[in-house]
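Values below: every heavy atom of this structure, side chains too, minus hydrogens, waters and symmetry copies.
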Amino acid sequence: MGEPVLIVGGIRALLLQALHPRTMWGTAQNSELMNPDAAWARLGRTVEFVRVRTYGTHAEVERVGRRVRKLHSKLSGLDLRTGETFPVDDPENLLWVHMGEVDSYLDVARRAGVPLTSADADAFVDEQRRAAAVVGLDPADVPGSVAEMKDYYARMRRQIFACREAREGLKRMFSPAVPQHLMPLKLAAPGVAMLVVSTLPRWARRMYGLPGLPTSDLAATLALKGLYRTTHAVPERFRYSPDARRARRLTREHEAGLATWSMAS
């Protein structure tokens with residue numbers, strides 16, 4: 001999760017999540033997501049939630065989870081197809097958002113060349129069920145392996161499509177409204193958006209009305225590998241965020257402790 005290339009995965013997740021119409025409508029109707037002047041601040045809050053959920057202490061994670069669950073419990077959305085009102089924290093919506101993150105981070109990591117075995121990939125999907133619990137899902141109802149995740153998407157593809165709000169969000173990626181001090185990001189946005197879009201599954205790209213060609217998959221994979229290798233030319237103290245450096249240090253200390261215990265026993 002600390003690899004810089006996974007920023008692509010985070011943005012990919014947003015596009016994938018937007019393909020569930022109720023998820024998209026519930027978000028658009030209850031937030032400032034569709035307001036270009038406020039969307040950046042909302043994205044910042046989402047990034048902060050993911051940061052705490054990934055690297056925070058148990059107490060910190062429980063605190064942000066409790067806040068998010070309380071907020072979601074008060075919100076409802078309007079299904080623009082049927083006129084039906086639905087709760088934003090409907091388990092189907094929460095699960096779709098969760099799986100969009102898990103699939104996106106794992107797919108980008110593996111294609112970029114992050115060293116993960118098939119067992120590692122299954123472990124990641126399984127471990128992320130703890131993240132699902134933070135937003136209110138029962139981990140037992142959440143896919144816990146790559147195979148289960150693939151089956152989940154096979155079922156869901158018959159129920160999703162790119163609604164108007166999702167298509168508008170895609171367009172904004174190419175020319176986002178950003179704060180003045182981050183204006184250089186606006187110049188880089190078209191290139192980043194092209195890469196992110198090309199990492200989506202072919203069926204997702206087609207839902208957005210974009211080509212779903214194998215050549216796009218290959219180009220995206222090569223670009224991700226290049227980004228990953230480039231970032232690894234940067235010293236670790238600059239490559240990773242303070243949270244990621246701390247997590248890596250704790251992991252190494254834990255592994256060293258296990259090795260010492262094993263040798264002593």
Side-chain angles (χ1 to χ4, degrees), residues 1-20 23 27 42-55 94-118 120-132 134-135 142-143 145-146 149-150 152-153 156 166 169-170 172-174 176 185 188-205 207-208 210 212 216-232 234 239-241 243-244 247-248:
M1 289 295 288
E3 293 295 341
V5 72
L6 289 195
I7 293 173
V8 176
I11 304 173
R12 177 192 190 270
L14 297 176
L15 290 180
L16 195 54
Q17 291 162 348
L19 288 175
H20 190 294
T23 297
T27 302
R42 187 191 183 284
L43 177 62
R45 293 192 293 272
T46 299
V47 170
E48 176 62 11
F49 171 76
V50 173
R51 183 192 71 81
V52 175
R53 189 194 63 198
T54 304
Y55 299 111
L94 296 179
L95 182 57
W96 177 258
V97 171
H98 170 76
M99 297 313 300
E101 280 194 60
V102 176
D103 180 76
S104 294
Y105 287 131
L106 183 58
D107 182 73
V108 167
R110 299 183 86 178
R111 292 168 68 178
V114 177
L116 296 169
T117 65
S118 295
D120 291 332
D122 282 334
F124 177 76
V125 177
D126 180 54
E127 290 166 357
Q128 290 303 306
R129 292 194 291 178
R130 296 175 65 186
V134 173
V135 296
V142 178
S145 68
V146 172
M149 183 165 65
K150 289 181 178 178
Y152 168 79
Y153 275 108
M156 290 300 297
L170 174 64
R172 286 185 185 175
M173 278 189 57
F174 288 86
L185 292 180
V192 173
M194 284 294 295
L195 173 58
V196 172
V197 168
S198 63
T199 66
L200 286 170
R202 294 178 202 172
W203 54 263
R205 299 201 300 270
M207 285 186 181
Y208 276 113
L210 301 170
S216 298
D217 296 337
L218 176 60
T221 298
L222 292 175
L224 291 172
K225 288 184 181 298
L227 279 174
Y228 180 65
R229 290 169 181 164
T230 299
T231 59
H232 271 249
V234 178
R239 183 192 323 157
Y240 298 115
S241 70
D243 288 307
R248 290 171 66 84

* Does Gly100 offer a backbone N or O that forms a donor-acceptor pair with the side chain of Ser104 under 3.5 Å? -> yes
* Structure fact -> Hits for side-chain contact (heavy atoms from CB on, under 4.5 Å) against Ile11, two or more places apart or cross-chain, chain-then-number order -> Ile7, Met173, Val192, Val196
* With Tyr228 via ring pair (Phe, Tyr, Trp, His ring centres under 6.0 Å) - residues at least two apart -> His232
* To do: Flag yes if more than 12 heavy atoms outside Met156 fall under 6.0 Å of its CE atom; otherwise flag no.
  => yes
* **Any side-chain donor near an acceptor of the partner, Gln128 and Tyr105, under 3.5 Å** => no
* Donor-acceptor pair, side chain of Trp96 and main chain of Leu16, under 3.5 angstrom -> yes
* Glu127: salt bridge (charged side-chain N to carboxylate O under 4.0 Å, His left out) partners, not counting sequence neighbours -> none
* Asked: Is there side-chain contact between Val102 and Val142, with at least one heavy-atom pair below 4.5 Å?
  -> no
* Would you please name every residue forming a salt bridge (charged side-chain N to carboxylate O under 4.0 Å, His left out) with Asp120, sequence neighbours left out? => none
* **Carboxylate-amine/guanidinium contact Arg51 Glu48, below 4.0 Å** => yes
* Measure from the side-chain N and O atoms of Arg110 to the backbone N and O of Leu116, and report whether any donor-acceptor pair falls under 3.5 Å. => no
* Asked: Who pairs with Arg111 by side chain to side chain donor-acceptor pair (under 3.5 Å), at least two apart in sequence or on another chain?
  -> Asp107, Thr221
* Sub-3.5 Å donor-acceptor pair from the side chain of Tyr240 to the main-chain atoms of Pro4, do we have one? -> no
* Set of residues satisfying side chain to side chain donor-acceptor pair (under 3.5 Å) with respect to Thr23, sequence neighbours excluded -> His20
* Asked: Is Tyr208 close to Val197 at the side-chain level, that is, under 4.5 Å between some pair of heavy atoms?
  -> no
* So, Arg205 side chain and Leu210 main chain: donor-acceptor pair closer than 3.5 Å or not? -> no
* Answer yes or no: is there a donor N or O on one side and an acceptor on the other, between the side chain of Asp122 and the main chain of Val146, under 3.5 Å? => yes
* Roughly how far, to the nearest 0.5 Å, is OG of Ser145 from CG of Asp126? -> 8.5 Å
